Every structure is written in C-alpha cells, then in structure tokens.
Amino acid sequence: MERRGLGRRLREMGMTHFQTDVLLALTRVPRGSTVSYKQLAAMAGHPGAYRAVGTVMRKNPLAPTIPCHRVIKSDGTLGNYSGRGGARRKMVLLASEGASVKGR
DNA sequence: CAGGTGACATGAG
DNA sequence: ACTCATGCCACCT
C-alpha cells in the first residue's frame with residue numbers, strides 16, 4: 001500500500017501532523033506483532049505522548065487501512081477498542097494473527 | 001485563552 | 001494482586 005499517499009490522505013481528512021505520524025507508524029507494525037501505546041508514540045517520534053495516541057485511535061476507527069487492533073497496553077493487556085465488538089473483537093483479531101495476548 | 005476529556009503509564013496504599 | 005490517585009500529551013468545546 002502506498003503509505004506515502006496514505007499520510008497525505010489523512011491530512012486531507014483533517015488530521016494534524018501528530019495524527020498522521022502515529023497512524024503511519026502503526027502501518028509500519030508487522031502483522032502478528034503488537035505494540036504498546038508508549039511504543040507507538042516513540043515510534044511516531046513523540047515519546048511520552050502515549051495518551052494522545054489513544055485519543056488518535058479513538059477518533060480513527062474508520063480506517064480499515066490501519067491495524068488499530070495491534071495497539072495494546074504496556075502491561076500486555078488489550079486495553080480498549082472502538083469498533084464492532086469492542087475489546088472482544090480486538091482479542092480475536094490478535095489471536096488470528098498469532099499474537100500472544102495476556103488475560104485471555 | 002481556559003477547562004474538560006480520553007483506546008494510557010506509573011507509583012503508592 | 002487489586003484499587004486509587006497523579007502525570008502526561010494532544011484534541012475538542
């Protein structure tokens with residue numbers, strides 16, 4: 001997928017630079033892997049903005065292009081998820097990718 | 001400009 | 001191990 005155009009498209013959607021940065025970093029996450037909000041924030045170049053990362057995800061559940069379900073908490077738990085089924089769906093998706101999830 | 005909110009993180013009790 | 005309280009950053013009203 002053209003991640004380059006994706007970023008520009010997100011900007012066109014009305015997303016700020018921060019939003020685009022985080023979402024782009026998320027697309028860089030390989031399938032079957034999971035990253036914590038803190039990790040993603042650092043990857044996006046905004047270490048410490050893990051709080052804002054969550055805010056971004058919550059506002060962008062309408063982007064099937066972005067694997068938002070791969071973002072979990074630092075404790076290894078799922079955390080929350082906006083979308084059909086909520087955290088339930090998130091757990092199933094991660095299990096489908098072969099990612100180990102705590103809690104069950 | 002100020003206040004409130006939230007898919008979090010960390011520490012203390 | 002669990003719950004409560006505080007800190008953090010970006011966004012919205």
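In the text below, chain A, chain B and the rest are named by the order of the sequence lines, each starting its count at 1. Because the structure is predicted, anything quoted here is derived from the model rather than measured.
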CZ of Phe18(A) to NE2 of His46(A), rounded to nearest 0.5 Å, is 5.5 Å

Remember a base hit wins even if backbone is also touched, and classify Ala52(A) as base, sugar-phosphate or nothing at under 4.0 Å, heavy atoms.
base

Would you compute the distance between atom CG of Leu78(A) and atom NZ of Lys73(A) and round it to the nearest 0.5 angstrom?
10.0 Å

Mind checking side-chain hydrogen bond (donor to acceptor under 3.5 Å, both in side chains) for His69(A) and listing every partner two or more places apart, or none if nothing turns up?
Glu97(A)

Starting at CG of Asp75(A) and ending at P of dA7(B), how long is that distance when rounded to a whole Å?
16 Å

Between CG of Leu93(A) and P of dA7(B) the distance, given in whole Å, is 19 Å

I need the Leu24(A) CG to Met15(A) CE distance, nearest 0.5 Å.
12.5 Å

Does the side chain of Arg58(A) reach to within under 4.5 Å of the side chain of Val53(A), using non-hydrogen atoms?
no

Exactly one of Leu6(A), Leu10(A), Thr27(A), Leu26(A) should register a side-chain contact (heavy atoms from CB on, under 4.5 Å) with Thr65(A). Which one does?
Leu6(A)

On DNA chain C, does the nearest nucleotide to Val56(A) precede the nearest nucleotide to Tyr50(A) from the 5' side, or the other way round? Give the residue.
Tyr50(A)

Keeping the roles fixed (side chain from Arg70(A), backbone from Val29(A)), state whether a donor-acceptor pair exists under 3.5 Å.
yes

In whole Å, what is the span from the CG atom of Asn60(A) to the C1' atom of dA7(B)?
12 Å

Restricting to nitrogen or oxygen on both sides, can you table the protein-nucleotides 2-5 of chain B pairs closer than 3.5 Å?
none

First locate atom CG of Leu23(A), then atom CD1 of Ile66(A), and finally report the distance between them rounded to the nearest 0.5 Å.
4.0 Å

Find which nucleotide of DNA chain B each of Ile72(A) and Val53(A) is nearest to by heavy atoms, and output the residue with the more 5' nucleotide.
Val53(A)

Just the rounded figure in Å: distance from C1' of dA7(B) to CG of Leu40(A).
12 Å

Quick check for you: to the nearest 0.5 Å, what is the distance between Asn80(A) atom CG and Tyr37(A) atom OH?
7.0 Å

Toward the 5' end of DNA chain B, by each residue's nearest nucleotide, Lys90(A) or Lys38(A)
Lys90(A)

Sugar-phosphate only, base, or nothing, as touched by Phe18(A) at under 4.0 Å among non-hydrogen atoms
sugar-phosphate

Which two nucleotides bound the region of DNA chain C that has atoms under 4.0 Å from heavy atoms of chain A, read 5' to 3'?
dG7(C) to dC12(C)

